[in-house]
Amino acid sequence: MKMHRTEKVWLTASFGMIMMFMLLTGYQVFAKDMGMPSNKETIDWKKVSETAPFDKPGVYQIGDKEYEVVMTLEIFAFDPFDIEVPAGSTVHFTLTSKDVVHGFEIAETNTNAMVPPGYIQKVKQKFDKPGQYLILCNEYCGAGHQGMYTTIKVV
Ligand code: CUA
C-alpha cells in the first residue's frame, strides 16, 4: 500500500492524540479519584421514609474525621437542611430522591451527582477549608427548583 507522507504524519499525530487523551482520562480517574459516581443500589422510591437508612436522615460520625450524611431529596428540599462538620473531615453522602430527579452539587468542589428516584447515590467529599459550602439542586425539578438548596458548615 502506497501512502502519502502527509497522510502518515496525520495518522501518527491523530493516533498519538487518542493515546494521550486515554492516558489523561485514566490518570484523572485512577490517580486523581475523579471518576463518575457509579453506585448501583436501588430502593422503592415510594417507601423511602420507611426504608433504612433513609427513615432517619442526618449526620453520623463513622470514624475519626469521617462522617456519613444520610440525605433525602424531594421537591424542593434537602433533609437534613443544615449540616456541620469539623474542618479536615471526609463526608460520605448517601442520597436518594422521594419523587423526581434532583441534582446534588457542592459549590466550589468537584462533587456533582444526579439523584434519580429509585436509586441510592453515594458521593464523598473532603472539606479542608473552614467555611460555609452551598449544596444546590442542579436538575430542573419543578416550580421551586431555584430555591432548592442546603448548606454544609465546616468549622
Ligand atoms: Cu430539585 Cu431542582
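Read the numbers this way: they start at 1 and go in the same order the structure lists the ligands and their atoms.
- Within a 6.0 Å sphere centred on CG of Asp55, other residues, nucleotides and ligands contribute more than 12 heavy atoms.
- The atom name of the N/O/S atom in His145 closest to atom 2 (Cu) of ligand 1 is ND1.
- Aromatic rings of Phe104 and Phe93 (six-membered ring for Trp) have centroids within the 6.0 Å cut-off, being under it.
- Atom 2 (Cu) of ligand 1 lies at the vertex of an angle of 120° between the SG atom of Cys141 and the SG atom of Cys137 (rounded to 10°).
- As for His102, its N/O/S atom nearest atom 1 (Cu) of ligand 1 is the one called ND1.
- Other residues, nucleotides and ligands place no more than 12 heavy atoms under 6.0 Å from the CG atom of Asp64.
- Using a 4.0 Å cut-off between a side-chain N of Lys or Arg and a carboxylate O of Asp or Glu, Glu108 and Lys129 do not qualify as a salt bridge.
- Checked against atom 2 (Cu) of ligand 1, the N, O or S atom of Glu139 at the shortest distance is O.
- Transitive grouping of hydrophobic side chains (ILVMFWY, heavy atoms separated by less than 4.5 Å) keeps Val70 and Val123 in distinct clusters.
- Between atom 1 (Cu) of ligand 1 and Tyr140 there is no N/O/S contact shorter than 2.8 Å.
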